[in-house]
Amino acid sequence: MSIDRRSLQILANHCGAAADAMAFTLMRTAHSAFVKETEDFSCTLVTPEGMAFVSPRQFGAPWYSGIDYGPVLEMIPSYEEGDICITNDPYSGNVATHTPDIHIWKPVFHGGQIVCFVVGHIHNTDVGGAVPASLSRSLTEIEQEGIRVPPLKLVSRGQMNDDVLRIMQLNVRAPGQNWGDLKAQIASVNIGERKIHEIIARFGISTFRDGTREMLDYAEEQARAVIRGIPNGEYFFADFADEDGEGGVPCRVALTLRVQDETVELDYTGSDPQVASSLNMPTGGRERHPLGLVGLTYVLYTLNNDLLLNAGTLRAARAIMPEGTVVNAVAPAAVGMRSLTCMLTQIVTFGAFSLALPDRMPATSPGGNSIMNVRTTGWDGRPVMASIGPVGGGGGGTPISDGPNGAGGAQAFLKNTPIEISEAEVPILFRRYGLWPDSAGPGRYRGGLSAVMEFQVFSPDTVVTARNRNRSVFASWGVMGGRAGATSQFLRNPGTPGELSLGNTDILRCEPGDVVRVVGAGAGGYGDPLTRDPKLVAEDVSRGFVSLDRARDAYGVALRNGAVDEAATRALRAEAGRAQPSGHFDLGDARRAFEALWPEERYEALTRFLAGQPLRWRHHLKRRFFAAVAAGIGAELGLAEQMDRIGAELLAVAGLQAER
């Protein structure tokens with residue numbers, strides 16, 4: 001029976017409140033700061049088939065709003081009342097997408113039948129493995145990334161499986177913290193189950209069953225209506241992680257967006273082969289996997305923020321993610337940094353839609369937030385393993401406003417950890433936490449400034465991990481005349497003779513007294529900076545956001561005693577306007593220099609070549625290609641002939657011609 005829209009909205013509100021109650025329970029009872037402060041978790045209601053129909057409305061990580069739990073639900077042979085199941089294995093159903101993300105789910109029964117599942121995940125600060133916090137760019141196989149739990153019953157008919165708990169606690173660095181977080185998860189799904197029973201008691205089982213289906217249908221209808229407002233066409237954009245591993249070469253995610261009436265296709269063909277580091281995404285090639293489509297969710301919500309976000313939102317879309325690439329890796333590839341690559345999928349999605357809707361889409365946030373973790377020793381000698389929060393860039397400039405400072409819009413509901421919490425739990429001293437001047441990309445509407453965090457450690461053998469380090473080489477781009485933002489920084493003992501720049505290194509072993517400074521990447525601007533209101537530039541200077549030199553050089557604004565010198569400003573802008581670069585995107589100096597050596601035609605030839613080689617050889621051959629081109633091998637030939645020659649020589653050296 002169809003439910004009228006008013007009644008459906010009321011039911012959706014009640015279900016949303018149930019998901020909110022799960023989230024509140026999780027936040028209020030979790031032990032780790034990354035859950036209770038940063039809110040890296042999800043709480044979701046899914047249909048008996050596994051399709052998410054409701055998520056919290058203002059909490060957690062909404063990457064999972066369109067998730068399909070079906071593949072992992074099917075891995076449990078049967079369910080009974082009181083069961084709670086668990087997994088964190090990225091290659092079992094492709095739901096847990098890296099090992100720190102522990103997912104649990106509980107069936108909700110009514111009249112002996114499963115009417116839905118209440119599910120959720122949290123990001124654990126550490127699940128064991130080769131490095132503290134379990135994740136690093138330097139890891140090369142999934143076995144190094146901590147303990148993996150296949151889909152199994154943690155609680156069977158209300159009885160805890162203590163053997164599973166003992167194994168999990170034995171293999172992590174902070175077992176008490178992990179156990180506290182797991183108990184919070186269990187409490188969360190128990191609250192969700194109770195709320196579902198209350199909803200059924202109020203609305204009836206038939207209305208609940210029909211309503212969950214119609215929520216999915218309504219979200220699909222809304223999404224298709226948004227897509228109909230986008231011009232039909234094919235739009236291509238690509239972006240890079242600075243390195244595909246420690247000391248590596250840039251890692252590309254490429255996207256061809258195809259819009260046809262009320263459907264969209266996101267084709268990631270042309271993305272790099274899976275790498276010998278942990279930047280890989282374990283999507284299984286599923287055409288509506290959230291990691292490949294979360295950027296689309298953000299775009300659709302940007303265009304209509306009344307959208308009901310659930311799995312129905314993605315029905316109008318499909319993603320093509322070729323097997324053996326960074327967007328669809330094959331086991332045993334390491335996947336711990338999949339969030340960095342997922343950020344790239346979001347960035348290229350925003351880039352492609354910017355081409356389609358230049359007057360409605362903002363510049364993107366930089367991506368590559370550094371998730372800072374510290375393993376050290378407390379004053380009492382006890383080991384401490386804690387997250388002290390993310391350090392990232394601002395949001396991109398928009399067609400109507402500056403980007404937000406210190407927190408890019410693509411971070412959804414994830415929050416910073418107050419330094420008072422971190423200093424209370426971790427024996428470190430914060431020396432600075434705020435915004436980094438001159439980091440924002442200039443524009444008529446500038447990008448958001450990046451955040452800076454600086455702290456001092458005191459214990460020997462302290463290890464700092466900075467997960468997702470990126471944008472230290474390639475800047476975050478600006479659009480429609482807006483300029484690129486500043487790059488990120490990672491420094492040890494800044495401002496001293498022993499200052500060391502760490503680039504995209506993500507593991508730092510410290511000596512007592514060392515100072516660590518992390519600066520995020522600034523976001524790109526929107527529109528010509530020479531058209532920015534000079535009074536806004538003066539205001540930014542007064543706030544310390546923009547220096548006098550930057551105001552003059554980037555915005556053509558001259559200030560005298562804090563006020564705009566109008567005559568000097570007119571002269572500056574007239575002179576600067578003759579040298580303004582053109583084009584839809586400003587990709588930054590480093591990207592322009594890179595693409596002078598690696599234009600799209602050359603990279604496309606490389607991608608075609610690698611796709612024809614055995615999977616285990618592709619990443620190795622890619623690095624060899626980069627070295628050969630940098631050395632100028634075959635530079636006297638045309639582009640196609642040069643690529644053919646390098647490829648033939650590499651295959652001959654590797655002996656792959658005979659193998660193939």
request  = Output yes when Asp242 and Arg137 qualify as a salt bridge under the 4.0 Å nitrogen-oxygen rule, no when they do not.
outcome  =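 Salt bridge absent between Asp242 and Arg137.
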query = Does Arg645 come within less than 4.0 Å of Glu641, counting only side-chain N to carboxylate O?
reply =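 Between Glu641 and Arg645 there is no salt bridge, as every charged N stays at least 4.0 Å from the carboxylate O atoms.
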Measure the spacing between [atom1] of [X] and [atom2] of [Y] and express it to the nearest 0.5 Å.
X      : Y      : atom1 : atom2 : value
Leu293 : Ile67  : CG    : CD1   : 12.0 Å
Asn310 : Glu220 : CG    : CD    : 10.0 Å
Asp126 : Thr465 : CG    : OG1   : 9.0 Å
Arg258 : Glu234 : CZ    : CD    : 4.5 Å
Ile633 : Leu650 : CD1   : CG    : 8.0 Å
Thr349 : Leu257 : OG1   : CG    : 7.5 Å

Are the side chains of [X] and [Y] in touch, meaning some heavy atoms are under 4.5 Å apart?
X      : Y      : value
Pro273 : Thr325 : no
Ile122 : Phe34  : no
Leu508 : Phe490 : yes
Ser488 : Trp436 : no
Val253 : Asp239 : no
Val335 : Asn280 : yes
Val119 : His103 : no
Glu604 : Glu601 : no

Stepwise side chain to side chain contact (heavy atoms under 4.5 Å, CB included) test for Arg517 and Met453 = CA-CA 6 Å; Arg517 177 189 292 170; Met453 177 187 286; over 6 Å; no
List the atom of [X], the atom of [Y], and the distance in Å for their closest heavy-atom pair.
X      : Y      : result
Gly292 : Leu266 : O-CD2, 4.1 Å
Leu355 : Pro358 : O-CD, 3.7 Å
Ala440 : Gly447 : CB-O, 3.1 Å
Ile147 : Asn171 : CD1-ND2, 3.7 Å
Ser476 : Pro366 : OG-CA, 3.4 Å
Gly393 : Asn369 : N-OD1, 3.7 Å

inquiry  = Is there a side chain to side chain contact (heavy atoms under 4.5 Å, CB included) between Gln274 and His619? Walk through the geometry before answering.
reply    = CA-CA 7 Å; Gln274 68 185 61; His619 182 240; over 6 Å; no
message = Looking only at the side chains, is there a donor atom on one of Asp89 and Thr87 sitting less than 3.5 Å from an acceptor on the other?
response =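 Per modelled atom types, Asp89 and Thr87 side chains form no pair under 3.5 Å.
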query = Any chance the side chains of Ser339 and His98 put a donor and an acceptor closer than 3.5 Å?
reply =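 Distance-only check fails for Ser339 and His98.
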query = Which of these passes side chain to side chain contact (heavy atoms under 4.5 Å, CB included) with Leu307: Thr302, Thr297, Leu300?
reply = Leu300
[Y] backbone acceptor or donor facing [X] side chain under 3.5 Å:
X      : Y      : answer
Thr505 : Ile507 : no
Arg471 : Gly367 : no
Glu145 : Ala334 : no
Ser277 : Ser138 : no
Ser450 : Gly520 : yes
His289 : Asn328 : no
His123 : Asp40  : no
Ser278 : Ser136 : yes
Asp586 : Gly478 : no
Asn88  : Val149 : yes

query = Aromatic ring centroids of Trp477 and Phe237 under 6.0 Å?
reply = yes
query = Of Lys622, Arg252, Arg623, which is the lone residue that meets salt bridge (Lys or Arg N to Asp or Glu O under 4.0 Å) with Asp272?
reply =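 By the salt bridge (Lys or Arg N to Asp or Glu O under 4.0 Å) criterion, Asp272 pairs with just one of Lys622, Arg252, Arg623: Lys622.
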inquiry  = One pair to check against side chain to side chain contact (heavy atoms under 4.5 Å, CB included): Arg469 and Leu502. What are the steps and the verdict?
reply    = CA-CA 10 Å; Arg469 286 282 308 137; Leu502 299 158; over 6 Å; no
ask   = What class does the angle between the rings of Trp617 and His620 fall in, given that below 30° is parallel, 30 to 60° is tilted and above 60° is perpendicular?
value = perpendicular
task = Test Val391 against Val519 for side chain to side chain contact (heavy atoms under 4.5 Å, CB included), laying out the working first.
result = CA-CA 7 Å; Val391 182; Val519 182; over 6 Å; no
